[in-house]
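Let me begin by presenting the structure, written as C-alpha coordinates, before commenting on it.
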Amino acid sequence: MRKRPFATLALIVGMGQAQADDALAPFEVVGDAIARPLTGAAGDAGRGERLLLDRRRSLCLLCHSGPVAEPHAQGTLAPGLGGVGSRLSQGQIRLRIVDMKRLDPATIMPSNHRIDGLERVAAPYRGQPVLTAGEIEDIVALLVTLKE
Amino acid sequence: MAFVLALVLALPCAGEAAAADRRSGSDFMAPETRAMQADDMSNPAMLWVADGEQSWHRPEGAAGRACATCHGDATRSMRGVAARYPAFAEATGRPVDLSGRINLCRRTHQPAPPFASESRELLALTAYVAYQSRGMPIAPPQDPRLDPFRANGGALYERRIGQLDLSCAACHDARWGQQLGGSVIPQAHPTAYPLYRLEWQSVGSLQRRLRNCMVGVRAEPYAFGAPELVDLELFLMGRAGGMALETPGVRP
(Lines give C-alpha, C1' and ligand atoms only; values in the text may rest on other atoms or scores of the structure.)
Protein backbone atom coordinates (compact mmCIF):
# COMPACT_ATOMS: atom_id res chain seq x y z
CA MET A 1 0.00 0.00 0.00
CA ARG A 2 2.73 2.42 0.98
CA LYS A 3 4.62 1.82 -2.24
CA ARG A 4 1.75 2.94 -4.39
CA PRO A 5 2.34 6.70 -4.59
CA PHE A 6 5.90 6.04 -5.70
CA ALA A 7 4.81 3.67 -8.43
CA THR A 8 2.39 6.32 -9.69
CA LEU A 9 5.11 8.95 -9.54
CA ALA A 10 7.45 6.74 -11.56
CA LEU A 11 4.74 6.35 -14.16
CA ILE A 12 4.20 10.10 -14.42
CA VAL A 13 7.91 10.75 -14.71
CA GLY A 14 8.17 8.03 -17.32
CA MET A 15 5.37 9.56 -19.37
CA GLY A 16 6.87 13.03 -19.06
CA GLN A 17 10.06 11.67 -20.51
CA ALA A 18 8.25 10.20 -23.51
CA GLN A 19 6.35 13.46 -24.05
CA ALA A 20 9.54 15.45 -23.70
CA ASP A 21 11.28 13.48 -26.42
CA ASP A 22 8.41 14.30 -28.76
CA ALA A 23 8.91 17.99 -28.00
CA LEU A 24 12.40 17.91 -29.50
CA ALA A 25 13.07 17.75 -33.23
CA PRO A 26 15.99 15.58 -34.36
CA PHE A 27 18.86 17.47 -35.98
CA GLU A 28 22.35 16.85 -37.26
CA VAL A 29 25.34 19.00 -36.28
CA VAL A 30 28.14 19.26 -38.82
CA GLY A 31 31.10 21.36 -37.73
CA ASP A 32 29.63 24.41 -35.95
CA ALA A 33 26.34 24.39 -37.85
CA ILE A 34 22.99 22.66 -38.30
CA ALA A 35 22.48 22.91 -42.06
CA ARG A 36 18.91 21.58 -42.39
CA PRO A 37 15.84 23.27 -40.90
CA LEU A 38 14.55 21.48 -37.77
CA THR A 39 11.07 21.34 -39.29
CA GLY A 40 12.25 20.35 -42.76
CA ALA A 41 11.00 23.69 -44.14
CA ALA A 42 12.08 27.34 -44.00
CA GLY A 43 10.57 29.56 -41.27
CA ASP A 44 8.77 32.90 -41.59
CA ALA A 45 10.77 36.06 -40.86
CA GLY A 46 7.65 38.08 -39.95
CA ARG A 47 6.62 35.58 -37.32
CA GLY A 48 10.26 35.51 -36.18
CA GLU A 49 10.23 39.25 -35.59
CA ARG A 50 7.02 39.09 -33.57
CA LEU A 51 8.53 36.32 -31.48
CA LEU A 52 11.72 38.29 -30.84
CA LEU A 53 9.66 41.27 -29.68
CA ASP A 54 7.61 39.12 -27.29
CA ARG A 55 10.30 38.85 -24.64
CA ARG A 56 8.32 36.56 -22.42
CA ARG A 57 8.43 33.90 -25.12
CA SER A 58 11.77 34.32 -26.87
CA LEU A 59 13.89 36.07 -24.18
CA CYS A 60 16.56 36.96 -26.78
CA LEU A 61 16.29 40.71 -26.20
CA LEU A 62 16.82 40.28 -22.47
CA CYS A 63 20.49 39.70 -23.29
CA HIS A 64 20.95 40.85 -26.91
CA SER A 65 20.17 44.08 -28.69
CA GLY A 66 18.70 43.98 -32.17
CA PRO A 67 17.41 46.36 -34.83
CA VAL A 68 13.80 45.50 -33.94
CA ALA A 69 12.70 47.20 -30.70
CA GLU A 70 13.15 50.26 -28.50
CA PRO A 71 16.86 50.27 -27.61
CA HIS A 72 16.42 51.18 -23.91
CA ALA A 73 14.65 47.89 -23.16
CA GLN A 74 17.32 45.68 -24.74
CA GLY A 75 20.06 43.69 -23.11
CA THR A 76 23.80 44.36 -23.08
CA LEU A 77 24.89 40.88 -21.96
CA ALA A 78 25.55 39.54 -25.47
CA PRO A 79 26.68 40.66 -28.93
CA GLY A 80 24.12 42.72 -30.88
CA LEU A 81 22.06 40.73 -33.36
CA GLY A 82 22.29 43.48 -35.99
CA GLY A 83 24.48 42.23 -38.84
CA VAL A 84 24.47 38.63 -37.58
CA GLY A 85 23.31 37.51 -41.05
CA SER A 86 26.58 38.81 -42.51
CA ARG A 87 28.77 37.28 -39.81
CA LEU A 88 27.27 33.79 -39.68
CA SER A 89 25.69 31.34 -42.12
CA GLN A 90 22.11 30.17 -41.72
CA GLY A 91 23.33 26.82 -40.33
CA GLN A 92 25.70 28.49 -37.86
CA ILE A 93 22.90 30.73 -36.59
CA ARG A 94 20.62 27.69 -36.20
CA LEU A 95 23.11 25.77 -34.02
CA ARG A 96 23.77 28.81 -31.84
CA ILE A 97 20.05 29.21 -31.13
CA VAL A 98 19.44 25.47 -30.67
CA ASP A 99 22.34 24.76 -28.32
CA MET A 100 25.14 27.28 -27.82
CA LYS A 101 26.57 25.03 -25.10
CA ARG A 102 27.87 22.62 -27.75
CA LEU A 103 30.27 25.39 -28.78
CA ASP A 104 31.00 26.71 -25.28
CA PRO A 105 29.82 24.76 -22.23
CA ALA A 106 30.41 27.85 -20.05
CA THR A 107 28.19 30.20 -22.08
CA ILE A 108 25.26 31.94 -20.37
CA MET A 109 23.14 31.68 -23.51
CA PRO A 110 20.33 29.20 -22.80
CA SER A 111 20.09 26.10 -24.96
CA ASN A 112 16.74 26.75 -26.62
CA HIS A 113 16.10 23.24 -27.91
CA ARG A 114 17.48 20.92 -25.28
CA ILE A 115 15.93 19.48 -22.12
CA ASP A 116 18.65 17.40 -20.50
CA GLY A 117 21.21 18.47 -17.91
CA LEU A 118 18.89 21.03 -16.24
CA GLU A 119 18.13 21.33 -12.52
CA ARG A 120 15.00 22.53 -10.67
CA VAL A 121 13.11 23.47 -13.83
CA ALA A 122 9.75 25.02 -12.85
CA ALA A 123 6.80 22.68 -13.38
CA PRO A 124 5.21 24.40 -16.42
CA TYR A 125 8.51 24.23 -18.31
CA ARG A 126 9.64 20.77 -17.25
CA GLY A 127 10.44 18.54 -20.21
CA GLN A 128 9.79 21.46 -22.58
CA PRO A 129 12.44 23.23 -24.64
CA VAL A 130 12.55 27.06 -24.47
CA LEU A 131 11.49 27.23 -28.13
CA THR A 132 9.78 24.75 -30.46
CA ALA A 133 11.42 23.68 -33.71
CA GLY A 134 9.00 25.93 -35.65
CA GLU A 135 9.75 28.97 -33.48
CA ILE A 136 13.47 28.46 -33.96
CA GLU A 137 13.05 28.32 -37.75
CA ASP A 138 11.03 31.57 -37.69
CA ILE A 139 13.79 33.31 -35.72
CA VAL A 140 16.50 31.87 -38.01
CA ALA A 141 14.54 33.19 -41.01
CA LEU A 142 14.60 36.67 -39.45
CA LEU A 143 18.25 36.66 -38.34
CA VAL A 144 19.62 35.69 -41.78
CA THR A 145 18.04 38.91 -43.12
CA LEU A 146 19.90 41.09 -40.57
CA LYS A 147 22.83 42.07 -42.82
CA GLU A 148 25.45 44.69 -42.05
CA MET B 1 52.70 26.95 0.32
CA ALA B 2 51.19 30.07 1.80
CA PHE B 3 51.37 31.65 -1.62
CA VAL B 4 49.52 28.75 -3.25
CA LEU B 5 46.88 28.84 -0.54
CA ALA B 6 46.37 32.56 -1.02
CA LEU B 7 45.91 31.96 -4.73
CA VAL B 8 43.39 29.20 -4.17
CA LEU B 9 41.46 31.37 -1.72
CA ALA B 10 41.45 34.25 -4.14
CA LEU B 11 40.12 32.18 -7.03
CA PRO B 12 36.46 31.75 -6.05
CA CYS B 13 36.15 35.53 -5.80
CA ALA B 14 37.52 36.17 -9.27
CA GLY B 15 34.29 37.61 -10.67
CA GLU B 16 32.97 39.04 -7.44
CA ALA B 17 33.27 42.77 -6.89
CA ALA B 18 36.25 43.63 -4.68
CA ALA B 19 35.34 45.16 -1.32
CA ALA B 20 36.03 48.71 -2.48
CA ASP B 21 33.94 48.15 -5.58
CA ARG B 22 30.86 46.87 -3.78
CA ARG B 23 27.73 48.81 -4.50
CA SER B 24 24.26 48.74 -3.03
CA GLY B 25 21.35 48.18 -5.40
CA SER B 26 20.33 51.77 -4.67
CA ASP B 27 23.46 53.00 -6.49
CA PHE B 28 22.03 51.66 -9.75
CA MET B 29 18.62 53.33 -9.37
CA ALA B 30 17.19 56.36 -11.11
CA PRO B 31 17.61 59.60 -9.10
CA GLU B 32 13.85 59.78 -8.43
CA THR B 33 13.83 56.32 -6.86
CA ARG B 34 16.90 57.13 -4.78
CA ALA B 35 15.24 60.32 -3.56
CA MET B 36 12.12 58.35 -2.65
CA GLN B 37 14.18 56.00 -0.46
CA ALA B 38 16.15 58.82 1.18
CA ASP B 39 13.14 60.90 2.24
CA ASP B 40 11.11 59.27 5.02
CA MET B 41 8.06 61.36 4.08
CA SER B 42 7.97 59.90 0.57
CA ASN B 43 9.35 56.42 1.29
CA PRO B 44 6.22 54.21 1.15
CA ALA B 45 7.90 51.54 3.29
CA MET B 46 7.80 53.91 6.28
CA LEU B 47 4.09 53.05 6.59
CA TRP B 48 5.12 49.47 7.34
CA VAL B 49 7.69 50.68 9.86
CA ALA B 50 4.96 52.69 11.62
CA ASP B 51 2.68 49.62 11.69
CA GLY B 52 5.53 47.58 13.08
CA GLU B 53 6.03 50.08 15.90
CA GLN B 54 2.39 49.61 16.90
CA SER B 55 2.70 45.80 16.84
CA TRP B 56 5.83 46.06 18.97
CA HIS B 57 3.75 47.46 21.82
CA ARG B 58 0.60 45.35 21.33
CA PRO B 59 0.13 42.53 23.91
CA GLU B 60 -0.75 39.25 22.21
CA GLY B 61 -1.04 35.53 22.79
CA ALA B 62 -1.91 33.41 25.81
CA ALA B 63 0.44 35.28 28.13
CA GLY B 64 -0.69 38.72 26.89
CA ARG B 65 2.88 39.86 26.32
CA ALA B 66 4.04 42.40 23.75
CA CYS B 67 7.50 42.39 22.18
CA ALA B 68 8.13 45.44 24.36
CA THR B 69 7.30 43.44 27.51
CA CYS B 70 10.55 41.52 27.10
CA HIS B 71 12.65 43.83 24.92
CA GLY B 72 11.60 47.29 26.11
CA ASP B 73 12.48 50.24 23.94
CA ALA B 74 13.29 48.91 20.45
CA THR B 75 15.32 51.98 19.52
CA ARG B 76 17.85 50.76 22.09
CA SER B 77 17.37 47.01 22.43
CA MET B 78 17.05 46.32 18.70
CA ARG B 79 19.85 48.61 17.55
CA GLY B 80 22.35 46.55 15.52
CA VAL B 81 20.31 43.35 15.68
CA ALA B 82 19.31 43.18 11.99
CA ALA B 83 22.94 43.78 10.99
CA ARG B 84 23.95 40.39 12.42
CA TYR B 85 21.11 38.23 11.06
CA PRO B 86 20.65 35.43 9.98
CA ALA B 87 21.99 34.04 13.26
CA PHE B 88 22.23 30.55 14.75
CA ALA B 89 19.07 29.47 16.58
CA GLU B 90 19.63 26.98 19.40
CA ALA B 91 16.00 25.92 19.14
CA THR B 92 16.32 24.58 15.60
CA GLY B 93 20.08 23.98 15.30
CA ARG B 94 20.04 26.07 12.12
CA PRO B 95 20.38 29.69 11.07
CA VAL B 96 17.21 31.73 11.30
CA ASP B 97 16.57 35.06 9.58
CA LEU B 98 15.07 38.10 11.28
CA SER B 99 11.47 37.25 10.31
CA GLY B 100 12.06 33.68 11.45
CA ARG B 101 13.40 34.97 14.79
CA ILE B 102 10.30 37.15 15.25
CA ASN B 103 8.07 34.14 14.60
CA LEU B 104 10.11 32.04 17.06
CA CYS B 105 9.49 34.69 19.71
CA ARG B 106 5.80 34.67 18.92
CA ARG B 107 5.56 30.91 19.20
CA THR B 108 7.63 30.45 22.33
CA HIS B 109 7.40 33.67 24.34
CA GLN B 110 4.04 35.28 23.68
CA PRO B 111 2.87 32.52 22.83
CA ALA B 112 0.82 33.16 19.73
CA PRO B 113 0.52 31.53 16.31
CA PRO B 114 3.35 32.58 13.98
CA PHE B 115 2.57 35.14 11.28
CA ALA B 116 2.29 33.85 7.71
CA SER B 117 5.25 34.47 5.38
CA GLU B 118 4.98 37.84 3.61
CA SER B 119 1.99 38.85 5.78
CA ARG B 120 1.66 42.56 6.41
CA GLU B 121 2.18 42.01 10.17
CA LEU B 122 5.41 40.06 9.75
CA LEU B 123 6.87 42.46 7.16
CA ALA B 124 5.93 45.45 9.33
CA LEU B 125 7.55 44.08 12.50
CA THR B 126 10.64 42.97 10.56
CA ALA B 127 10.93 46.38 8.89
CA TYR B 128 10.53 48.14 12.28
CA VAL B 129 13.23 46.02 13.92
CA ALA B 130 15.60 46.33 10.94
CA TYR B 131 14.99 50.11 10.81
CA GLN B 132 16.70 50.35 14.21
CA SER B 133 19.97 49.35 12.47
CA ARG B 134 19.68 51.78 9.59
CA GLY B 135 23.09 53.16 8.65
CA MET B 136 24.96 50.54 10.66
CA PRO B 137 27.48 48.25 8.95
CA ILE B 138 26.35 44.69 8.24
CA ALA B 139 28.18 42.55 10.82
CA PRO B 140 27.85 38.81 10.08
CA PRO B 141 28.31 36.77 13.26
CA GLN B 142 31.64 34.93 13.61
CA ASP B 143 29.84 31.79 14.73
CA PRO B 144 31.50 28.62 13.41
CA ARG B 145 28.19 26.76 13.70
CA LEU B 146 26.99 28.90 10.77
CA ASP B 147 29.86 27.93 8.47
CA PRO B 148 28.34 24.85 6.82
CA PHE B 149 25.09 26.73 6.15
CA ARG B 150 26.93 29.72 4.70
CA ALA B 151 28.93 27.34 2.51
CA ASN B 152 25.72 25.74 1.30
CA GLY B 153 24.33 29.20 0.47
CA GLY B 154 27.49 29.89 -1.54
CA ALA B 155 27.09 26.62 -3.43
CA LEU B 156 23.45 27.46 -4.22
CA TYR B 157 24.60 30.87 -5.46
CA GLU B 158 26.98 29.22 -7.93
CA ARG B 159 24.58 26.51 -9.08
CA ARG B 160 22.94 26.74 -12.50
CA ILE B 161 19.19 26.24 -12.24
CA GLY B 162 15.98 26.44 -14.23
CA GLN B 163 15.10 26.07 -17.87
CA LEU B 164 17.46 28.97 -18.62
CA ASP B 165 20.31 27.20 -16.77
CA LEU B 166 21.75 30.31 -15.09
CA SER B 167 23.39 30.77 -11.69
CA CYS B 168 23.07 33.80 -9.43
CA ALA B 169 26.80 34.37 -9.92
CA ALA B 170 26.45 34.48 -13.72
CA CYS B 171 24.43 37.67 -13.41
CA HIS B 172 25.41 39.24 -10.08
CA ASP B 173 29.17 38.55 -9.97
CA ALA B 174 30.10 38.43 -13.62
CA ARG B 175 27.65 40.89 -15.20
CA TRP B 176 26.50 43.46 -12.63
CA GLY B 177 26.02 46.94 -14.05
CA GLN B 178 24.88 45.55 -17.40
CA GLN B 179 21.33 45.60 -18.73
CA LEU B 180 19.06 42.56 -18.58
CA GLY B 181 16.29 43.80 -20.83
CA GLY B 182 15.27 47.13 -19.28
CA SER B 183 16.78 46.44 -15.82
CA VAL B 184 20.29 47.07 -14.58
CA ILE B 185 21.73 43.99 -12.83
CA PRO B 186 22.79 44.95 -9.28
CA GLN B 187 25.43 43.13 -7.20
CA ALA B 188 22.76 41.40 -5.10
CA HIS B 189 23.71 42.90 -1.76
CA PRO B 190 20.75 42.49 0.61
CA THR B 191 21.28 45.87 2.26
CA ALA B 192 17.74 47.23 2.36
CA TYR B 193 15.23 44.47 3.19
CA PRO B 194 12.37 44.38 3.79
CA LEU B 195 11.89 47.01 1.07
CA TYR B 196 9.20 48.63 -1.03
CA ARG B 197 9.39 47.55 -4.63
CA LEU B 198 7.55 49.69 -7.15
CA GLU B 199 6.89 46.60 -9.28
CA TRP B 200 5.26 44.82 -6.31
CA GLN B 201 3.48 47.97 -5.13
CA SER B 202 4.23 46.62 -1.69
CA VAL B 203 6.91 45.84 0.84
CA GLY B 204 8.49 42.40 0.41
CA SER B 205 11.17 40.30 2.04
CA LEU B 206 14.59 39.26 0.77
CA GLN B 207 13.16 35.77 0.30
CA ARG B 208 10.53 37.19 -2.04
CA ARG B 209 13.32 38.82 -4.09
CA LEU B 210 15.32 35.58 -4.25
CA ARG B 211 12.22 33.66 -5.35
CA ASN B 212 11.63 36.28 -8.07
CA CYS B 213 15.12 35.72 -9.45
CA MET B 214 14.54 31.96 -9.44
CA VAL B 215 11.23 32.34 -11.25
CA GLY B 216 13.04 34.61 -13.71
CA VAL B 217 15.32 31.76 -14.80
CA ARG B 218 12.27 29.45 -14.88
CA ALA B 219 13.39 27.45 -11.86
CA GLU B 220 11.13 25.99 -9.17
CA PRO B 221 11.53 28.56 -6.36
CA TYR B 222 12.12 27.25 -2.83
CA ALA B 223 9.12 27.70 -0.52
CA PHE B 224 9.12 30.70 1.84
CA GLY B 225 11.05 29.75 4.97
CA ALA B 226 12.88 26.87 3.23
CA PRO B 227 16.36 26.20 4.66
CA GLU B 228 17.88 26.83 1.22
CA LEU B 229 16.55 30.41 1.18
CA VAL B 230 17.89 31.10 4.68
CA ASP B 231 21.29 29.68 3.67
CA LEU B 232 21.32 31.98 0.63
CA GLU B 233 20.42 34.96 2.85
CA LEU B 234 23.25 34.01 5.21
CA PHE B 235 25.73 33.80 2.33
CA LEU B 236 24.59 37.13 0.83
CA MET B 237 24.78 38.95 4.19
CA GLY B 238 28.31 37.60 4.68
CA ARG B 239 29.24 38.80 1.20
CA ALA B 240 27.85 42.24 2.06
CA GLY B 241 29.67 42.41 5.43
CA GLY B 242 30.62 46.00 6.30
CA MET B 243 28.14 47.64 3.92
CA ALA B 244 25.58 49.99 5.47
CA LEU B 245 22.03 48.79 6.15
CA GLU B 246 19.42 50.94 4.37
CA THR B 247 16.18 49.36 5.59
CA PRO B 248 13.54 50.17 4.61
CA GLY B 249 14.72 50.51 1.00
CA VAL B 250 12.91 51.31 -2.24
CA ARG B 251 13.63 49.45 -5.49
CA PRO B 252 12.22 49.80 -9.04
Side-chain angles (χ1 to χ4, degrees), chain A residues 16 20 23-24 52-66 68-81 97-132 135, chain B residues 11-12 14-15 28-30 32-33 152-153 155-188 199 207-208 210-224 226-229 231-232 252:
Chain A
L24 293 184
L52 213 63
L53 288 172
D54 183 351
R55 64 188 64 229
R56 262 169 315 193
R57 284 181 58 210
S58 70
L59 309 167
C60 315
L61 295 182
L62 280 178
C63 296
H64 292 272
S65 59
V68 285
E70 345 87 86
H72 70 269
Q74 303 187 357
T76 58
L77 303 182
L81 293 175
I97 300 176
V98 166
D99 190 4
M100 179 66 93
K101 289 192 181 92
R102 286 183 186 240
L103 301 175
D104 176 9
T107 187
I108 58 162
M109 176 154 161
S111 298
N112 287 293
H113 206 60
R114 178 174 173 175
I115 55 171
D116 61 319
L118 303 175
E119 292 188 60
R120 283 196 79 80
V121 177
Y125 302 105
R126 220 166 284 157
Q128 304 293 324
V130 179
L131 296 172
T132 66
E135 289 170 333
Chain B
L11 271 180
F28 301 95
M29 302 194 304
E32 309 85 78
T33 323
N152 185 45
L156 292 170
Y157 184 82
E158 299 284 343
R159 178 178 172 207
R160 285 177 175 253
I161 52 168
Q163 193 193 36
L164 305 188
D165 202 24
L166 289 167
S167 69
C168 318
C171 285
H172 292 293
D173 282 353
R175 290 173 184 82
W176 60 267
Q178 300 193 45
Q179 294 265 136
L180 180 74
S183 320
V184 183
I185 301 176
Q187 294 178 351
E199 190 192 298
Q207 293 202 359
R208 182 171 179 188
L210 302 186
R211 282 169 47 94
N212 273 195
C213 281
M214 291 172 187
V215 169
V217 298
R218 300 183 174 178
E220 195 67 50
Y222 294 99
F224 280 110
E228 289 87 351
L229 288 180
D231 291 356
L232 267 171

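The chains referred to below are lettered A, B, ... by the order of the sequence lines, with proteins before strands, and numbering in each begins at 1. Heavy-atom basis, side chains included; hydrogens, waters and symmetry copies ignored.
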**Asked** With side chains defined as the heavy atoms from C-beta onward, is the minimum distance between Val215(B) and Pro221(B) less than 4.5 Å?
**Response** yes
**Prompt:** Got Gln207(B) and Tyr222(B) here, is their nearest side-chain heavy-atom distance under 4.5 Å?
**Reply:** no
Does any backbone or side-chain atom of [X] lie under 4.5 Å from a heavy atom of chain B? Answer side chain, backbone, both or neither.
X: Arg126(A); answer: side chain
X: Arg120(A); answer: both
X: Ile108(A); answer: both

**Prompt:** Which of the residues His72(A), Lys101(A), Met109(A) is involved in the greatest number of heavy-atom pairs with chain B at under 4.5 angstrom?
**Reply:** Lys101(A)
**Asked** Of the backbone (N, CA, C, O) and the side chain (C-beta and beyond), which part of Leu166(B) lies under 4.5 Å from a heavy atom of chain A, both, or neither?
**Response** side chain
**Name of the residue among Val130(A), Leu59(A), Asn112(A) meeting side chain to side chain contact (heavy atoms under 4.5 Å, CB included) with Gln163(B)** = Val130(A)
**Request:** Go through Leu180(B), Val217(B), Ile185(B) and name the one with the most non-hydrogen pairs under 4.5 angstrom from chain A.
**Result:** Leu180(B)
**Item:** Short side-chain to backbone donor-acceptor contact, Thr76(A) and Gln179(B), under 3.5 Å
**Value:** yes
**Prompt:** Backbone N or O of Ala73(A) within a donor-acceptor pair of the Arg55(A) side chain at under 3.5 Å?
**Reply:** yes
